[in-house]
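Convention: sequence-line order gives letters A, B, ...; per-chain numbering from 1.
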Amino acid sequence: MRYIFALIVWLCPLMGTAEEWEDQNAFGPASAAKTLRVLSSTDTSLFAPVIEDFLRSRAGVAVEYFVTGTAQIDQVFRAAPDDFDVVISSAMDLQLKLVNDGYSVPVETLSQPDWAQWRNSLFAFTTEPATIVINRAAFAPDTVPQTRQELIAAMRARPEVFRGKVGTYDVRKSGLGYLFATQDARASETFWRLMEVMGGLDARLYCCSGEMIDDLVSGDLVVAYNVLGSYVAAREDVAETLEIVLPSDFPTTMMRTAFVSSRTEVEAEAAAFVRHLVEVQTGPRNPDVFPLPPLSAAVDGAGQAVISLGPALMTYLDPLKRKRFIKEWSSAVIQ
Amino acid sequence: MNDTVNVSGSLRARLSLTLIGSAAAIAVLLFFVVRTYAAQIAQSGQDNILEASVTSILDAATLRDGAVEVDFPYVAFSMLSTDADDRVFYAIWQEDTLLSGYELLPVADAPDGSEIVHVSAIFDGAPVRVATAARILVGANTRTRVTVSVAQTQDALAGTLNKISRNVGLIGAGFFTLSVLVASWATNTTIRPLERLTHSITRRGPKDLSPVARPVPMEMAPLVTSLNSFMARLDTSLKQSEDFIAEAAHRVRTPLATVRSHAEATLQRVEREDNRQALRSMVRAIDESSRAAGQLLDHAMITFRADHLETQSVDLVELVEDLVTRLAPVAEMKDIALTVISEGEVSVEADSILLQNALRNLVENALKYAPGESEITLEVFASPRPRVEVRDEGPGFPPDQIQGLAARFSRGENAKDTIGSGLGLTIAQDVATAHGGALTLTNLPEGGACVTFLL
């Protein structure tokens with residue numbers, strides 16, 4: 001590795017108050033003239049290669065990479081927009097609202113199709129479906145549920161297997177979980193029935209996909225709903241234990257998005273970083289540089305439609321709507 | 001007379017400028033009117049969508065247990081998607097309390113009911129269009145007013161307007177180009193009768209004073225009427241003066257002949273040498289006067305006949321030989337040889353009386369200026385056009401005056417001591433012109449004058 005890979009823990013010289021980061025890393029030379037501060041919801045392990053790839057051709061640039069949950073990103077960034085140059089998150093709705101509220105600048109040198117960008121400021125660079133992930137041990141081969149209906153039926157048929165061992169996002173804590181839940185609710189009433197069944201089986205609630213996968217591997221969970229399949233696929237150690245199911249009844253596919261902060265002082269580098277992300281993800285596939293799925297309009301043969309980037313995403317962010325949705329969700333899941 | 005016409009402005013330029021200027025003004029006006037109209041339509045399109053969005057949010061407002069709930073549909077915002085990804089802002093108020101949305105969004109006062117108020121404003125540094133509507137919610141024992149505002153930036157609208165402006169600009173430019181073409185066509189069509197009249201008058205022969213007969217546009221009728229009557233007056237006065245000259249010459253010639261015969265008779269009887277000398281001078285003066293009178297008559301006749309040519313087939317060689325025969329006695333008196341060179345017959349369609357007259361004047365001229373014991377050559381050519389060259393061995397024409405010599409009563413400077421009226425060359429030239437030919441004066445390199453009479 002050509003560049004010094006320095007792990008700096010609990011060093012937040014730029015922050016007024018110390019944030020509880022999930023992870024925080026610095027890439028590139030410590031003496032770099034320019035430092036790019038990236039606020040992201042994506043695990044460092046997935047992002048490190050692409051950052052190093054970006055730095056390879058740029059001397060004098062370093063990257064500080066801060067990881068936190070999707071909901072926290074929105075709060076942290078709104079509180080201190082000066083502190084970050086690039087914001088990356090899988091919560092499309094929160095990202096879109098930040099751009100709508102004027103926290104971003106357009107990247108003029110980047111031209112993407114309409115469905116993959118908004119205001120030429122918010123750029124999608126992955127397409128990742130929400131999936132059902134199961135522990136193979138709990139299902140006989142050929143009985144793996146392929147749709148939400150089948151999952152409901154399976155859970156109803158064998159409640160003793162599933163009790164306390166089903167998991168999904170806690171939509172109150174996770175921005176991405178809230179996005180998936182609201183999009184599911186828009187698409188079908190099945191979502192509510194599934195939530196009720198999962199609630200009846202004492203569903204465990206998570207902030208992040210990573211923890212759900214860990215618990216699936218350990219056997220604490222036998223099925224997790226609305227997990228990012230891409231995270232499972234990126235972990236080579238779990239392929240034997242876990243199976244990813246793309247619900248064939250209706251798809252919910254998210255795009256990871258990035259934008260350049262309007263308050264950045266290194267706009268050229270920040271724009272170059274976003275452009276680099278998009279180029280890596282639309283160019284020839286290289287899993288060594290970036291293990292998450294590439295950006296594509298149709299993810300697979302099933303024609304996974306992506307959640308479209310548009311002002312409608314702000315609907316469920318409305319406090320009145322959110323209050324009402326969470327109330328309904330809570331009464332279904334937390335019984 | 002002053003030859004240059006006092007020109008002020010141009011009808012063509014004035015007409016073109018007026019037409020093109022008004023076309024430009026109309027094109028610019030068209031641009032602004034259409035653009036303004038298109039802007040209104042585009043704006044009303046955006047207003048309609050904002051209205052639908054506001055309505056759908058307001059419709060979702062309900063009172064539940066005394067609290068306002070607004071479970072507005074997804075479509076309320078998704079309908080606000082534009083090509084330019086316009087930013088969307090909204091605010092939901094209950095009385096004076098913000099329920100959700102953007103607190104700082106400028107809100108217009110909307111009356112209760114279905115009426116929706118639209119305003120343009122600036123929000124977060126961007127121009128926005130805001131639609132606002134209000135509704136009274138009535139609960140069991142509450143009555144509250146909910147106001148909803150939805151705002152959208154105008155990037156897509158600006159894009160549409162730019163596109164419209166560009167298209168309207170192109171249409172305006174096209175309209176203008178077409179107008180310029182039409183204007184130049186209209187100008188030409190309008191000016192053409194004037195040009196035709198000018199052309200027909202310019203093309204006329206010098207003596208043609210007949211009225212303009214071609215039809216002219218109504219507006220030009222007064223001009224042509226004045227022109228016709230002016231020409232008629234000119235014609236009359238010209239004819240009168242010609243008649244007067246002919247009459248005068250005729251009246252002078254007869255008494256002159258009488259005086260000459262008396263002088264000759266007296267010369268026979270007078271013995272004293274100085275008296276005889278005086279009488280001879282007298283006779284010579286009378287001869288000149290009578291010749292001048294004759295030429296004046298010739299000229300008057302030519303002026304008359306030139307307008308009504310009586311052409312017939314004439315052999316130019318025969319005509320020249322006749323002339324030489326007739327003038328031979330005069331030539332012999334001065335010991336001048338008259339030689340005719342020709343190659344057979346040269347037949348022309350011409351007025352033989354006029355031809356005779358013209359050639360006689362030329363030969364008489366040559367006889368007058370040629371020195372004694374010299375030769376005058378008359379050469380007749382058939383091609384390329386029939387012509388007669390009269391060459392003498394005299395002093396030739398003064399080179400600096402050769403152009404104006406054919407004018408009426410004009411005589412060369414070297415002719416001061418030679419008697420003459422100055423009409424000879426004029427007569428020959430008038431005849432040549434009347435036949436569509438020309439008279440050319442040159443000096444021969446070996447000395448002597450050469451007059452070419454071209455038919």
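Contacts of B:Asp124 with chain A are made by side-chain atoms alone, with heavy-atom separations under 4.5 Å and no backbone atom involved. Within the 4.5 angstrom heavy-atom criterion, no atom of A:Leu309 approaches chain B. Only the backbone of B:Ala84 has a heavy atom closer than 4.5 Å to any heavy atom of chain A. In this structure, the portion of A:Arg186 lying under 4.5 Å from any heavy atom of chain B is its side chain and not its backbone. Of the atoms belonging to B:Thr153, it is side-chain heavy atoms, and not backbone ones, that fall under 4.5 Å from chain A. Heavy atoms of A:Phe325 lying under 4.5 Å from chain B are absent altogether.
Atom CD of A:Glu265 sits in a sparse spot, with 12 or fewer heavy atoms from other residues, nucleotides or ligands closer than 6.0 Å. Within a 6.0 Å radius of CD in B:Gln94, more than 12 heavy atoms belonging to other residues, nucleotides or ligands are found. B:Glu95 CD: more than 12 foreign heavy atoms inside a 6.0 Å radius. Counted within 6.0 Å of CH2 on A:Trp192, heavy atoms from surrounding residues, nucleotides or ligands total more than 12; the atom is thus considered enclosed. Within a 6.0 Å sphere centred on NZ of A:Lys173, heavy atoms belonging to other residues, nucleotides or ligands number 12 at most.
Closest approach of A:Lys321 and B:Phe72 over heavy atoms only: NZ-O, 2.6 Å. Considering every non-hydrogen atom in both B:Arg87 and A:Asn100, the closest pair reads NE-O, 2.6 Å. In terms of heavy atoms, B:Pro73 sits closest to A:Thr315 at O-CG2, 4.0 Å. Nearest heavy atoms, A:Pro311 versus B:Ser81: CD-OG, 3.4 Å.
Salt-bridge annotation for A:Arg119 and B:Asp155: present, with a side-chain N of the basic residue lying under 4.0 Å from a carboxylate O of the acidic one.
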Could you walk me through whether B:Glu69 and A:Leu320 pass side chain to side chain contact (heavy atoms under 4.5 Å, CB included), step by step?
CA-CA 7 Å; B:Glu69 282 192 10; A:Leu320 296 175; over 6 Å; no
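Residue B:Asp85 holds its CG atom at 8.5 Å from CG of A:Asn120, rounded to the nearest 0.5 Å.
The side-chain heavy atoms of A:Asp318 and B:Phe77, taken from C-beta on, include no pair separated by under 4.5 Å. Side-chain contact between B:Tyr102 and A:Asp101 is present, with at least one heavy-atom pair separated by less than 4.5 Å.
Screening residues 158-174 of chain B for side chain to side chain donor-acceptor pair (under 3.5 Å), with sequence neighbours left out, gives B:Arg35-B:Ser165.
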